[in-house]
Structure formats: C-alpha cells, structure tokens
Amino acid sequence: MSCESIVGHARVVAHLQSLLAADRLPHACLLHGEEGIGKYRVAWHTALARVCSAAAADACGQCHDCRLGRAGAHPDLHALDEPEAVSLRIEQVREFIALSMRTPYRARGRTFLVRDAHRLTEEAQNALLKTLEEPPPGCVLLLTSGRPEGLLPTIRSRCQEFGMRPLSIPDATTVLERTGCPPERVGLLARISGGAPGKALALEAGGFLELRAALLDLVGGDASDPLEAAEQVLARVKASETGVRGRTEMLVELWISVLRDLLVLGVGAEDTLVWHHDLEPRLGAVAARRTPRELETRIEAAGRALRALAVNASADLVLSELALALV
C-alpha cells in the first residue's frame, strides 16, 4: 500500500512524506476537511508508513510491520476508529495516554489515530491536552475531523493543521470505480457528493437516491400530506439505529443538490449544468411550477435545517419543519 494508492490530496501527502523522510513529523497533526474526502485514509497511511520497517517515508505494504498494521495488530499503532459513535469518551483517551508512556516495541515511536476528533467530549479533550503539551518522546497523534471548530482552541493550537479539499470529479470517479460501485451511478455519485467518495458510497449504500422523489413530490405540490411524507423519509433515515443525525444531514445535503438543479433549470441555464441527469424530465416539470425566487426560498430553508442539525436539533422536528417549508 504505497502512497500511489491514494487518489488526490497530492500536496498533503507529499508534505507528510517529506516530514516522515526527515523524521520531523509533528507530535500532533490535525487533518481536516469535508466529510468523506479521504482524510482518515491519508492519516492511516501516514501512521502505517511510520511503523513500516522497509521505508522511511512510505508504507511498503509488504513487510512484517505493514502486515501487522493492516491487520490492526501492530503494538505501536493504535486507532480510535468508531465512525458510528455519538461521542468519544474520556476512558478511551486515558487508555491512549497510558499507552503513550510506554517504550515502543518495534517502530520509531508510538502512533495514535483518532477519527472524527470533534466527537471527543470536552472532558476527553481536556484529558488529551496534557499529552499534547508534554508529548512523550517518539509519540505522534494524528487527528482527523470534518468539523474542526468542534475542537477546543487549546487542542488546535498544539496541532499542525493540514487542510484537505474535496477531490476533483475525475478523481472521485476513479475512487468510486475501484469500489465496485454500480458503473451507471459512478458519475452521478461523484458529482452530487461534491468530490467526497466516502459520502457517495454512503448515499448509495443507504438507498438515499430513492429519497429524491419525496423532495420532488413536496416541491412540485404532489405530496398530499407533507408531514406524512417527512415521517416516511425519516423512517428510512432511521433504518440504522446509529448515526441518525449524520444520515439526516446527508439527506438534507442531497436534497439541496436537487434544489440546486431545479434552480438551474428554473433560470434557464444549460441543462449540462444539471447534476441529477437521471431525474431530468421530472426536474424540468417541477421547475416549471416554481419561480426562481420560490426555489431560492426552499434552498434557504434547507440550509437552515442543516444549521439546526449542526447544533443538535431533533432530526424528527427538523425534517417535519423542512417538509412544510418545501411545499
């Protein structure tokens, strides 16, 4: 697993490799950017390169240490990777802190990864702070976050930050083609995810594309009962008991992309700018029923829904209010 397996993010990967080669990787790094763009993949590869016994700046993927790392069994590589957890607890951080004080077994030092570090509770972040202030020799902490504003300023100030951007649509398409995603949906998913393959795969796996019809029914005036429509959509979102808020946010973002297409058609722009080409006949019919200003108002309502979810508003209430605003 060399860096060549990572699509996009060339600038960040090259910077991290140069730091690894010089053995100057900071004791704390924060990789941040939009959800689903590959932050954790880059962080994981960096951690694997740090324990690799065959190379200084990359992971060969073949040596004993790389094989241990990939199996999650390397004694000097520790990951807090719980994407479905609502929060990351102080007990988990304390375990990391205790491990950080031990002498590494095989590698040049111990490496710790925390996925979605913004989900660390304030108590857990404060516990981590002392380790960041006085890091044990050879200890490196790699944090990733789609919401770095959720981290304490004192945590961020002690990390070297690496801002990461979404992939280009061609790069996102390449990643999705490697995953076994249905070929007929690869281009569509790359566009509507905004160059975030992780988000694209979640949309596909969760059946979210099917929920675009409910939005068009609401905006087009075809839903006889908006609240009932919202309840049916929420039931689909709650198909998984965990991550309901994140799944609701994903749905609203998807709906915003559909509303964007309606506005594109509503103002008479070229249909080549439409992302949801598979819905184009229906999109055109709905766009014809609404003025551009009416569509803008609905996009604004969806934006408010996203902001409400970001501050922990009830997903049920948010979707119900949005359904009424879309009619």
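All of these numbers come straight from a predicted model, not from anything done at the bench. Residues: numbered from 1 along the sequence shown.
- Pairing each heavy atom of Ala323 with each of Leu218, the nearest pair is O-CD2, 4.0 Å.
- One distance of note links CG of Leu227 with CG of Leu324; it measures 4.5 Å at 0.5 Å rounding.
- Of the charged side-chain nitrogens involved, none lies within less than 4.0 Å of a carboxylate oxygen, so that Asp116 and Lys39 do not count as a salt-bridged pair.
- No side-chain heavy atom of Thr121 sits less than 4.5 Å from a side-chain heavy atom of Gln125.
- A donor-acceptor pair under 3.5 Å is formed between the side chain of Glu294 and the backbone N or O of Thr291.
- Under the 4.5 Å side-chain criterion, counting only non-hydrogen atoms from C-beta, Leu254 is in contact with Arg212.
- Between the CG atom in Asp171 and the CD1 atom in Ile37 there is a gap of 12.0 Å [rounded to 0.5 Å].
- For the salt bridge (charged side-chain N to carboxylate O under 4.0 Å, His left out) condition, the pairs that include at least one residue of residues 248-265, sequence neighbours left out, are Arg147-Glu249, Lys199-Glu253.
- When hydrophobic clusters are built by joining Ile, Leu, Val, Met, Phe, Trp and Tyr residues whose side-chain heavy atoms come closer than 4.5 Å, directly or via intermediates, Leu113 is not grouped with Leu99.
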Worksheet item: Would Phe208 and Arg247 count as a side chain to side chain contact (heavy atoms under 4.5 Å, CB included) if you check the C-alpha gap in whole Å, the side-chain angles of each, and the deciding distance to 0.1 Å?
Response: CA-CA 9 Å; Phe208 281 87; Arg247 289 164 61 84; 4.0 Å; yes

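- Grouping the Ile, Leu, Val, Met, Phe, Trp and Tyr side chains by contacts below 4.5 angstrom, directly or via other members, places Val114 apart from Leu77.
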Worksheet item: Does the ring-ring contact (aromatic ring centres under 6.0 Å, His included) test come out yes or no for Phe162 and His15, once each step is laid out?
Response: CA-CA 9 Å; Phe162 297 82; His15 190 183; 5.3 Å; yes

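- Within the model, atoms OG1 of Thr46 and CG of Leu31 stand 6.5 Å from one another, a figure rounded to the nearest 0.5 Å.
- Taking 4.0 Å as the cut-off between side-chain N and carboxylate O, Arg106 and Asp76 do not count as a salt-bridged pair.
- Leu16 is connected to Val51 through a chain of hydrophobic side-chain contacts under 4.5 Å among Ile, Leu, Val, Met, Phe, Trp and Tyr, so both are in one cluster.
- With rounding to the nearest 0.5 Å, the separation of NE2 in His27 from SG in Cys159 is 7.0 Å.
- Note: the hydrophobic cluster containing Phe96 does not contain Met101 (ILVMFWY, side chain heavy atoms under 4.5 Å, direct or indirect links).
- When all heavy atoms of Gly69 and Leu48 are compared, the closest pair comes out as CA-CD1, 3.8 Å.
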Discussion item. Set out, in order, the CA-CA distance, both residues' side-chain angles and the distance that settles side chain to side chain contact (heavy atoms under 4.5 Å, CB included) for Leu209 and Ile192, then state yes or no.
Written reply: CA-CA 10 Å; Leu209 296 186; Ile192 65 177; 3.5 Å; yes

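- In this structure, Val327 and Val219 have side chains that are not in contact, with every pair of non-hydrogen atoms separated by 4.5 Å or more.
- For Cys52 against Cys60, the heavy-atom pair with the smallest separation is SG-N, 3.5 Å.
- Under the 3.5 Å distance criterion, with hydrogens and angles disregarded, no donor-acceptor pair is assigned to the side chains of His277 and Asp271.
- Between Ser100 and Thr131, the closest heavy-atom pair is OG-CG2, 4.4 Å.
- A salt bridge is defined here as a Lys NZ or Arg NE, NH1 or NH2 lying under 4.0 Å from an Asp or Glu carboxylate O, and Arg94 with Glu91 fails to meet this definition.
- Here the side chains of Leu188 and His276 are in contact, with some heavy-atom distance below 4.5 Å.
- Remark: Glu82 does not engage Arg115 in a salt bridge, criterion side-chain N to carboxylate O under 4.0 Å.
- Contact check for Arg289 versus Asp222: side-chain heavy atoms found under the 4.5 Å cut-off.
- Linking ILVMFWY side-chain heavy atoms closer than 4.5 Å, directly or via other members, places Leu88 and Ile155 in a single hydrophobic cluster.
- By the 4.5 Å heavy-atom criterion applied to side chains, Cys29 and Leu141 are not counted as neighbours.
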Discussion item. Run the side chain to side chain contact (heavy atoms under 4.5 Å, CB included) test on Leu263 and Arg298 for me, step by step, so that the C-alpha distance in whole Å, both residues' side-chain angles and the decisive distance to 0.1 Å come before the verdict.
Written reply: CA-CA 10 Å; Leu263 185 58; Arg298 284 153 179 79; over 6 Å; no

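- We find that Lys130 and Glu134 are joined by a salt bridge, their nearest charged nitrogen and carboxylate oxygen being less than 4.0 Å apart.
- Among all heavy-atom pairs drawn from Gly61 and Arg70, the shortest one is O-NH1, 3.4 Å.
- No side-chain heavy atom of Asp217 sits under 4.5 Å from any side-chain heavy atom of Val286.
- Using a 4.0 Å cut-off between charged side-chain N and carboxylate O, Asp23 and Arg50 make no salt bridge.
- Here the closest non-hydrogen pair linking Met164 and Gly38 is CE-O, 4.1 Å.
- Between the side chain of Trp255 and the backbone N or O of Leu211 there is at least one donor-acceptor pair closer than 3.5 Å.
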Practice prompt. Give the C-alpha distance, both sets of side-chain angles, the deciding distance and a yes or no for side chain to side chain contact (heavy atoms under 4.5 Å, CB included) between Arg67 and His74.
Written response: CA-CA 8 Å; Arg67 292 198 299 272; His74 198 289; over 6 Å; no

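- Classification of the Phe112-His78 ring pair by plane angle, with boundaries at 30° and 60°, yields parallel.
- Put simply, the side chain of Ser87 does not reach to within 4.5 Å of the side chain of Leu120, judged on heavy atoms.
- The NE2 atom of His118 sits 8.5 Å away from the OG1 atom of Thr144 when rounded to the nearest 0.5 Å.
- To the nearest 0.5 Å, atom CG of residue Leu189 and atom CG of residue Leu176 are 6.5 Å apart.
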